[in-house]
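In what follows, a structure is listed as structure tokens, so that the remarks can point back to it.
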Amino acid sequence: MVCAFQLEPVEVLPDSFPEHAAHTGPLWLHLNLVDGRVRRWLADSDLPSPAKELLLEDDPQIRADDCEPGFGFVLGDLHHDFDDDPDGFGVLRVYVDQRRIITARLRPIKSVELLHRRLRMQPEPGTTLDLLHSLLQCYEEVVAEVISRFADAVDDAEDEILAGHLAGKGSSLGRRRRLLARLRRQVHANRAAVGQMLAARPDAWSSEDVEPSRACRERMQALAQDIELVSDRARLLQEEIAARQNEATNRNLYLLSTLTTALLPITLVTGIFGMNLTDLPFANSRHGFAIVVVLMSLG
């Protein structure tokens, strides 16, 4: 177990906390699925069978499942050491009902670390659904920070490109566009999962309880639009680089063609007089060399 909290009131529980039946308040348990003991504990727990399957399976597809009396999610997220790395995308498995919220992962996740830190620094009593909304908000802040960092990188690249420094900028922008495309797909999938929860919410949750989820869904849509804007700017800069490189190539080809045309007569004359044959013009003349040089100069 990575961490455990009682939510009403907020209280940090021991990391080795094995059971929660003695606690009457709602709980948050965050688990490390790499540990075989965690998997055995989940398999033997009183969770609904669909929840056990969702938490223990290896399928990384982002989705939401009805796990009566609660709800389960597989949410996309970023690894805690994400540094513009295609391998830095991960998933977080979540089960939530009125008594507990259980999160599980294989590698440390950014949004959970942020939520963990906030809960320790500013404990606010709440329900499991409140904690779920806080988790979604932390994910949105993590994604917003990545978008902001990528936007700054695109700004710097634009300044360099407009200054004529094109070396390496195209490949860097291409790599960021690929990461942004993958991040956009993840945000859209998470938004769809939240929408599935809103469409099939458990009977125990009222419409007012899940109202913050709608706000989270709208914020994710705004994040996806921000990602598209940054990606479009990167694409336009790549097109600018290609246009400038084509212009430089055309200019070089024009200069090369002009130089080749200018040297063609000289090349012709030297080719003719360079043949090792008898009866060449001016071969026996005292001034033959001077005459040929004059002809080459005139050409």
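Values below: every heavy atom of this structure, side chains too, minus hydrogens, waters and symmetry copies.
- If you look at H116 and F5, their ring centroids are closer than 6.0 Å.
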Worked verdict on D130 versus T127 for side-chain contact (heavy atoms from CB on, under 4.5 Å)
CA-CA 5 Å; D130 291 335; T127 65; 3.2 Å; yes
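- With hydrophobic clusters built from ILVMFWY side chains whose heavy atoms lie under 4.5 angstrom apart, V143 does not share a cluster with I62.
- With hydrogens and angles disregarded, a donor-acceptor distance shorter than 3.5 Å links the side chain of D97 to the backbone of R99.
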Intermediate values then yes/no, side-chain contact (heavy atoms from CB on, under 4.5 Å), L132 and F71:
CA-CA 11 Å; L132 175 63; F71 217 83; over 6 Å; no
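- Closest of all the heavy-atom pairs between P48 and C67 is CG-O, 3.9 Å.
- Side-chain atoms of H188 and Q221, non-hydrogen and from C-beta on, do get closer than 4.5 Å to each other.
- From H133, atom NE2 reaches atom CD of E140 across 10.5 Å, with rounding to the nearest 0.5 Å.
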Determine whether E113 and K110 satisfy the following criterion, salt bridge (Lys or Arg N to Asp or Glu O under 4.0 Å), listing intermediate values before the conclusion.
CA-CA 5 Å; E113 288 185 353; K110 271 185 174 292; over 6 Å; no
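- Minimum heavy-atom separation, L56 to L42: CD2-CD1, 3.8 Å.
- Side-chain contact check for D77 and Y139: no donor-acceptor pair (N or O, by modelled atom type) lies under 3.5 Å.
- Between the CG atom in L114 and the CD atom in E145 there is a gap of 10.5 Å [rounded to 0.5 Å].
- Aromatic pair F89/F82: ring centres closer than 6.0 Å.
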Test salt bridge (Lys or Arg N to Asp or Glu O under 4.0 Å) on D35 and R37 and set out the steps.
CA-CA 5 Å; D35 195 327; R37 294 171 296 178; 2.8 Å; yes
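- In this structure, the side chains of Q98 and D209 stay at 4.5 Å or more apart for every pair of heavy atoms.
- Taking CG of L92 as the start and OG1 of T103 as the end, the distance is 5.5 Å to the nearest 0.5 Å.
- Transitive grouping of hydrophobic side chains (ILVMFWY, heavy atoms separated by less than 4.5 Å) keeps L264 and L253 in distinct clusters.
- The line from OG of S134 to CG of L119 is 8.0 Å long, rounded to the nearest 0.5 Å.
- Not one N or O on the side chain of S148 forms a donor-acceptor pair closer than 3.5 Å with the backbone of A144.
- Among all heavy-atom pairs drawn from L135 and S111, the shortest one is CD1-OG, 3.9 Å.
- At a cut-off of 3.5 Å, with distance as the only test, no side-chain donor of W28 or T128 sits close to an acceptor on the other residue.
- Each of L27, V96, L47 was evaluated against I102; a single residue qualifies, L47, per the side chain to side chain contact (heavy atoms under 4.5 Å, CB included) test.
- L173 and L229 fall into different hydrophobic clusters, where Ile, Leu, Val, Met, Phe, Trp and Tyr are joined by side-chain heavy atoms under 4.5 Å apart, directly or via other members.
- By the side-chain hydrogen bond (donor to acceptor under 3.5 Å, both in side chains) test, R185 is found to be paired with no residue, residues two or more places apart in sequence or in another chain being considered.
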Step by step, work out the side-chain contact (heavy atoms from CB on, under 4.5 Å) result for V230 and V154.
CA-CA 8 Å; V230 176; V154 172; 4.1 Å; yes
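- Cluster annotation: L183 and L136 are assigned to the same hydrophobic cluster (Ile/Leu/Val/Met/Phe/Trp/Tyr, side-chain heavy-atom contacts under 4.5 Å, transitive).
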List the steps, then state whether side-chain contact (heavy atoms from CB on, under 4.5 Å) holds for N190 with M220.
CA-CA 8 Å; N190 283 345; M220 287 184 188; 3.9 Å; yes
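- The CG atom of L180 sits 6.5 Å away from atom CD1 of I227, with the distance rounded to the nearest 0.5 Å.
- At a threshold of 4.5 Å between non-hydrogen side-chain atoms, the residues S45 and K52 count as touching.
- For the pair R39 (side chain) and L33 (backbone), a donor-acceptor distance under 3.5 Å is present.
- A heavy-atom distance below 4.5 Å is found between the side chains of I147 and L223.
- D66 places none of its side-chain heavy atoms less than 4.5 Å from the side chain of P50.
- Considering only heavy atoms from C-beta on, L115 comes within 4.5 Å of C138 through its side chain.
- At least one side-chain heavy atom of R100 sits under 4.5 Å from a side-chain heavy atom of Y95.
- Nearest heavy atoms, A104 versus L55: CB-CD2, 4.4 Å.
- Two residues are said to be in side-chain contact when any heavy atoms from C-beta on lie closer than 4.5 Å; R107 and D81 meet this criterion.
- Distance check, rounded to the nearest 0.5 Å: CZ of R214 to CE of M197 gives 9.0 Å.
- Taking both residues in full, the closest heavy atoms of G170 and I241 are given as N-CD1, 3.6 Å, listed atom of the first, atom of the second, then distance.
- Follow the hydrophobic side-chain contacts under 4.5 Å out from L263 and you never reach L255; the two are in separate clusters.
- No side-chain donor-acceptor contact under 3.5 Å links N252 and T249.
- Every pair passing side-chain hydrogen bond (donor to acceptor under 3.5 Å, both in side chains) that includes a residue from residues 226-248 is listed here, sequence neighbours excluded: D155-R233, E158-R233, R177-Q238, R235-E239, E240-R244.
- Between D59 and R93, none of the side-chain N atoms (NZ, or NE/NH1/NH2) sits under 4.0 Å from a carboxylate O, so this pair counts as no salt bridge.
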